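What follows is a single structure, written as C-alpha cells, with notes after it.
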Amino acid sequence: MGKTADLTAVQKAIIDTLKQEGKTQKAISERIGCSQSAVSRHLSGKSVGRKKFGRKRCTTRRGDRTLRKIVEKERFQTLGDLRKQWTESGVETSRATVYRRVQEMGYRCRIPQVKPLLNQKQRQKRLTWATEKQHWTVAQWSKVLFSDESKFCISFGNQGARVWRKTGEREMPKCLKSSVKYPQSVMVWGAMSAAGVGPLCFIKGRVNAASYQEILEHFMLPSAEKLYGDDFIFQHDLAPAHSAKTTGKWFTDHGITVLNWPANSPDLNPIENLWDIVKRKLRDARPNTLDELKAAIEASWASITPQQCHRLITSMPRCIEAVISAKGFPTKY
C-alpha cells in the first residue's frame, strides 16, 4: 500500500470524489490502491505540512543568491575561487557545499567551447559570404574539395580552464573561450569531399608558399583525382601560404577554381569535424612517440567512411543558415 507521501494529485482527487459519494475509507483505499491511513490523513488534512527531518541547511537564500551573482560575474573560476569570494561576502562554508549549491542552481563544470575571435569587419564578411551561398544545393557543395591543416600533439590531457554553465548555455558568449590562429608548427594536411577523404600529408617546419605548392602538387591533385576526376572546386582558408600570389598563379596554371572563403572561419569547414573525430580516437590510443602518433592519425583517418563525409556535406545548407541567423557570429561545426 502506498504511503501518504506517495499519493498523486489524481489519487487525491479520486479520494475527495469517492468521499462525497459516501464511500468508506476502507473502500476508497481498496479502490485506489493505498493504505487506509493514507486516505484518513488526506481527508483530515494531516498529510499537508508534515514535519521534515534531516540536517538543517547551512546557507540562507540570501547567501545562495550572492553565490549565483559570483558565478554569473565570471564563469571561468575554480571551486576554490568561488569559495574564497563567497567567504569574503560573509558566508563561511566548505568546498563541498559550494559545489552542491552551484549544482542546485543548474551549473555544471564543463570544458568551454572554443570559437574564433572575430571583429565586426570579419563578421560582416562572413554574413555576406553566407548570403551569397544561401541557395547553394547539396549537389553544389558536393563538388567542393575541402582542405585544412591541423596540429596534433602526443599529450591530450591539458584541456585548460573549465567554465560553469547550465544546460543550453554552451554557445552563450560569456561561456565561450576565444581562440586565435595557432602558431605554425608540425601539422597534418588533409582533404575531404562528399565521396570520402584523400591522403594525409605530414608537414615538417613552417608552411610557406613553396612548401604549400608541393603539398598541392603531391597530395591535393591525387586527392582530387581519387574523389572527383577533373570537375571540382578547391577550398582552403586564408593562411599566408594559401593566399600568396605564387600560390594563386599555381591554381591559375592548373586551371583549378578556388572557392572564396571568409577569414578566420574554421566553423564553416566540415573537415574540422573529421579532425575532431581523429583527435577523440587519439585520446583513447594515447601514443607515446612521434611514430606512434603518426600511425594512430593515419589509422583514424583511414577509418573515416564516405557516409560520414557525405553527412557533413549535406549539413552545409544548415550551416549557412546558422551563420545568417547568427549575423556572422561563430556557429557550431
Side-chain angles (χ1 to χ4, degrees), residues 108-118 126 141-142 144-163 165 167-172 175-203 219 223 227 235-237 239 261-262 264-287 292-320 322-323 326 329-333:
R108 301 295 182 267
C109 191
R110 297 288 187 260
I111 297 172
Q113 181 83 346
V114 179
K115 290 297 178 70
L117 188 61
L118 301 173
R126 281 164 55 92
W141 286 114
S142 297
V144 179
L145 179 66
F146 291 92
S147 71
D148 190 31
E149 296 90 8
S150 184
K151 181 180 179 181
F152 289 84
C153 301
I154 291 179
S155 175
F156 296 92
N158 185 14
Q159 299 289 347
R162 291 186 170 239
V163 61
R165 69 185 186 213
T167 302
E169 291 185 345
R170 187 182 184 208
E171 303 295 324
M172 183 178 289
C175 297
L176 293 177
K177 179 180 178 182
S178 297
S179 67
V180 296
K181 197 163 186 66
Y182 47 72
Q184 302 241 346
S185 182
V186 176
M187 295 183 184
V188 180
W189 179 93
M192 61 87 69
S193 73
V197 298
L200 290 177
C201 173
F202 290 93
I203 306 167
F219 292 90
S223 296
L227 300 172
Q235 179 277 335
H236 60 183
D237 59 28
W261 196 255
N264 209 9
S265 299
D267 56 315
L268 304 179
N269 194 341
I271 199 173
E272 294 290 345
N273 293 273
L274 300 187
W275 295 137
D276 287 343
I277 290 173
V278 173
K279 289 178 180 179
R280 283 198 299 270
K281 290 184 178 180
L282 290 180
R283 292 192 186 103
D284 297 329
R286 294 193 175 277
E292 289 179 2
L293 177 63
K294 290 182 179 180
I297 293 171
E298 288 181 324
S300 299
W301 186 256
S303 68
I304 295 171
T305 65
Q307 289 77 15
Q308 287 175 293
C309 296
H310 185 264
R311 283 196 296 270
L312 291 175
I313 297 301
T314 58
S315 70
M316 283 304 295
R318 295 195 301 273
C319 179
I320 297 301
V323 174
F329 277 92
T331 62
K332 295 180 181 179
Y333 290 140

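Everything numeric in this text was worked out from a predicted model, so none of it was measured. Just the heavy atoms: all of them, side chains too, but no hydrogens, waters or symmetry mates, feed the values below.
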### Query
Do side-chain atoms of Q308 reach the backbone of T305 as a donor and acceptor pair under 3.5 angstrom?
yes

- Message: Taking G198's backbone N and O only, do any of them form a donor-acceptor pair with W301's side chain (distance below 3.5 Å, no angle check)?
- Response: yes

Counting N and O atoms only, with roles assigned by atom type, does the side chain of N269 sit under 3.5 Å from a partner on the main chain of S147, one being a donor and the other an acceptor?
yes

Quick one: do I271 and Q235 satisfy side-chain contact (heavy atoms from CB on, under 4.5 Å)? Show the steps, please. CA-CA 11 Å; I271 199 173; Q235 179 277 335; 5.8 Å; no

Rounding to 0.5 Å, atoms CZ (R108) and CD (E169) come to a distance of 11.5 Å

Across all chains, not counting sequence neighbours, the side chain to side chain contact (heavy atoms under 4.5 Å, CB included) partners of A326 are F329, T331

Candidate pair H236 and W261, rule side-chain contact (heavy atoms from CB on, under 4.5 Å), full reasoning = CA-CA 7 Å; H236 60 183; W261 196 255; over 6 Å; no

Heavy-atom nearest pair, E149 first then M187, reads CB-SD, 3.9 Å

Rounded to the nearest 0.5 angstrom, the SG-CZ distance for C201 and F219 is 4.0 Å

Separation between CE (M192) and CD1 (I304), nearest 0.5 Å, reads 8.0 Å

Taken to the nearest 0.5 Å, the spacing of N264 CG from R126 CZ works out to 8.0 Å

Scanning both residues in full, the closest heavy-atom pair of A296 with L282 reads CB-CD2, 3.2 Å

Per side chain to side chain contact (heavy atoms under 4.5 Å, CB included), C309 is matched among L227, L274, N273 by L274

message: Evaluate V278 against K281 for side-chain contact (heavy atoms from CB on, under 4.5 Å), listing each step before the verdict.
response: CA-CA 5 Å; V278 173; K281 290 184 178 180; 5.9 Å; no

One should read off an interatomic distance between L268 CG and I320 CD1, to the nearest 0.5 angstrom, of 6.0 Å

Shortest non-hydrogen pair, G190 vs L200, comes out as CA-CD2, 3.9 Å

Distance col, row L176:CG vs R165:CZ, nearest 0.5 angstrom, shows 8.5 Å

Check your understanding: Is the side chain of S315 donor-acceptor paired with the backbone N or O of L312 at a distance under 3.5 Å, no angle test?
Key -> yes

Side-chain contact test, heavy atoms from C-beta onward, threshold under 4.5 Å: evaluate it for I313 versus S193 and give yes or no. no

Worksheet item: Should the ring pair F146 and W141 be called parallel, tilted or perpendicular, given that the plane angle runs from 0 to 90° and is split at 30 and 60?
Response: parallel

Item to complete: For residues S223 and P199, determine if any side-chain heavy atom of one lies less than 4.5 Å from a side-chain heavy atom of the other.
Response: yes

Q | Student check: side-chain heavy atoms of M172 and V163 closer than 4.5 Å | A | no

Heavy atoms of P266 and E272 approach each other most closely as O-CG, 3.0 Å

Shortest non-hydrogen pair, A191 vs W189, comes out as CB-CH2, 3.7 Å

